[in-house]
Amino acid sequence: MKIIMLGAPGAGKGTQAQRIAAKWNIPHISTGDIFRANIKNGTELGKKAKSYMDQGLLVPDELTVDLVVDRINQEDCANGYVLDGFPRTIPQAEALDEALKSLNDSLDYAINVEVPDENIINRMSGRRACLSCGATYHIVYNKTKTEGICDKCGSELVLRDDDKPETVQKRLSVYHDQTQPLIDYYTKKGIIKEVDGTLDMEAVFNAIVDILGE
Ligand code: AP5
Ligand code: MG
Ligand code: ZN
């Protein structure tokens, strides 16, 4: 099963993608997590990506597309994957289609997690992220057992650098300009599925399970 997650920053793509990956036993591939891991490890890619991410801008397609295409060609992706935060531009979507076409393959579902802008800022200020394993928490809606420590891997949690309200605002406007057009793109391909992301996490996941079956 090959799935992409669409939705504004903070819509809950990562939260739901992790649960999908666990239930269907497929890799969760988040370009944001890959960039953050590179920043943490001080790689060249990380340095380049950080200069865009800190401003709430998209990392250029040249730095993003090959990375994902290489990743989905790895062995653990043979039975599918859930892509979270990619594609985010029309050229990225076209590049993904091309890459899949050359393998005689295609996407099964594009799940759009719908949350209005008003709800987003509030969610972001309470988010805590694990840069080691990619897990995401919220100080009110999704607490850890021990404050500030990842339940999954025991690492210390951080507030993401791009979760400041000004940067979130910029990310939202970039989303509306560059990423929202993908909803039309995948609607035309007939694979879009909408879920109401304002519901609680459990209800959102149940809606996704209804779509994917089982
Ligand atoms: P990325 O890491 O992908 O960030 P994003 O798209 O802005 O989305 P977020 O991760 O902020 O939100 P999410 O939808 O995953 O929500 P989450 O589950 O955490 O990208 C970061 C940056 O990297 C980009 O700005 C760009 O610079 C760069 N980048 C990445 N991919 C790129 C690409 N393809 N091309 C170019 N540049 C790229 O949930 C948010 C919070 O809400 C959490 O605290 C969570 O616990 C809570 N929450 C979740 N669901 C609910 C719910 N139902 N009810 C209440 N709270 C909830
Ligand atoms: Mg995310
Ligand atoms: Zn962790």
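Keep in mind the model is a prediction, meaning the values are calculated, not measured. When a ligand or atom number is given, it counts from 1 through the structure's own listing order.
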- For residues His28 and Asp33, determine if any side-chain heavy atom of one lies less than 4.5 Å from a side-chain heavy atom of the other. yes
- Side-chain touch Ser155/Leu131, heavy atoms, less than 4.5 angstrom: no
Near [X] [atom1], under 6.0 Å, is it more than 12 heavy atoms from other residues, nucleotides or ligands?
{"X": "Lys23", "atom1": "NZ", "value": "yes"}
{"X": "Asn79", "atom1": "CG", "value": "no"}
{"X": "Glu94", "atom1": "CD", "value": "yes"}
{"X": "Asn25", "atom1": "CG", "value": "no"}
{"X": "Glu147", "atom1": "CD", "value": "no"}

Name the closest protein heavy atom to [atom], giving the residue it belongs to and the distance to 0.1 Å.
{"atom": "atom 18 (O) of ligand 1", "result": "Thr15 OG1, 2.5 Å"}
{"atom": "atom 32 (C) of ligand 1", "result": "Arg88 CD, 3.4 Å"}
{"atom": "atom 9 (P) of ligand 1", "result": "Arg127 NH1, 3.3 Å"}
{"atom": "atom 8 (O) of ligand 1", "result": "Lys13 NZ, 3.1 Å"}
{"atom": "atom 31 (N) of ligand 1", "result": "Thr31 OG1, 2.7 Å"}
{"atom": "atom 37 (N) of ligand 1", "result": "Val59 N, 3.0 Å"}
{"atom": "atom 42 (O) of ligand 1", "result": "Arg123 CD, 3.4 Å"}
{"atom": "atom 56 (N) of ligand 1", "result": "Tyr141 CD1, 3.4 Å"}

- Message: Could you check whether any heavy atom of Gln16 sits closer than 4.0 Å to an atom of ligand 1, since that is the contact criterion I want to use?
- Response: no
- Query: Quick one: does Phe35 get within less than 4.0 Å of ligand 1, heavy atoms only?
  - Reply: yes
For ligand 1, which atoms, with element, lie under 4.0 Å from some heavy atom of [X]?
{"X": "Leu199", "value": "52 (C), 53 (N), 54 (N)"}
{"X": "Met53", "value": "22 (C), 23 (O), 27 (O), 28 (C)"}
{"X": "His138", "value": "44 (O), 46 (O)"}
{"X": "Met124", "value": "11 (O)"}
{"X": "Asp162", "value": "21 (C)"}
{"X": "Gly197", "value": "53 (N)"}
{"X": "Gly10", "value": "8 (O), 9 (P), 11 (O), 12 (O), 13 (P), 14 (O), 16 (O), 40 (C)"}
{"X": "Gly14", "value": "13 (P), 15 (O), 18 (O)"}

Ion pair [X]/[Y], N-O distance below 4.0 Å:
{"X": "Lys48", "Y": "Glu62", "answer": "no"}
{"X": "Lys50", "Y": "Asp161", "answer": "yes"}
{"X": "Arg128", "Y": "Asp163", "answer": "no"}

So, is [X] polar-close to ligand 1, with some N/O to N/O distance under 3.5 Å?
{"X": "Asp84", "value": "no"}
{"X": "Arg160", "value": "yes"}
{"X": "Gly12", "value": "yes"}
{"X": "Tyr137", "value": "yes"}
{"X": "Arg171", "value": "yes"}
{"X": "Gly85", "value": "yes"}
{"X": "Ala11", "value": "yes"}

- Task: Flag yes if Val195 and Met201 sit in one hydrophobic cluster, no otherwise; membership is Ile, Leu, Val, Met, Phe, Trp, Tyr, and two members link when side-chain heavy atoms are under 4.5 Å apart.
- Result: no
Can you check whether [Y]'s main-chain N or O pairs, donor with acceptor, with [X]'s side chain at less than 3.5 Å?
{"X": "Lys13", "Y": "Gly7", "answer": "yes"}
{"X": "His138", "Y": "Lys143", "answer": "no"}
{"X": "Asp196", "Y": "Thr198", "answer": "yes"}
{"X": "Arg19", "Y": "Phe205", "answer": "no"}

- Only heavy atoms count here, so choose which of Lys170, Arg128, Gln18, Met201 is nearest to atom 47 (C) of ligand 1. Met201
- Given the rule in the salt bridge (Lys or Arg N to Asp or Glu O under 4.0 Å) test, do Lys170 and Asp162 qualify, once you have shown the distances and angles that lead to the verdict? CA-CA 10 Å; Lys170 181 67 196 169; Asp162 59 350; over 6 Å; no
Heavy-atom distances under 4.0 Å decide this one: backbone, side chain, both or neither, for [X] against ligand 1?
{"X": "Leu57", "value": "backbone"}
{"X": "Ser30", "value": "neither"}
{"X": "Asp200", "value": "backbone"}
{"X": "Gln92", "value": "side chain"}
{"X": "Thr64", "value": "side chain"}

- Message: A cation-pi test, strictly: NZ or CZ of Lys188 under 6.0 Å from the centre of the six-membered ring of Tyr185 and no more than 45 degrees from its axis. Yes or no?
- Response: no
- Query: Looking at Val68, Ile72, Ile4, Ile20, which hits side-chain contact (heavy atoms from CB on, under 4.5 Å) with Tyr81?
  - Reply: Ile72
- Query: Vertex the Zn ion (ligand 3): angle to SG of Cys150 and SG of Cys130, to 10°?
  - Reply: 110°
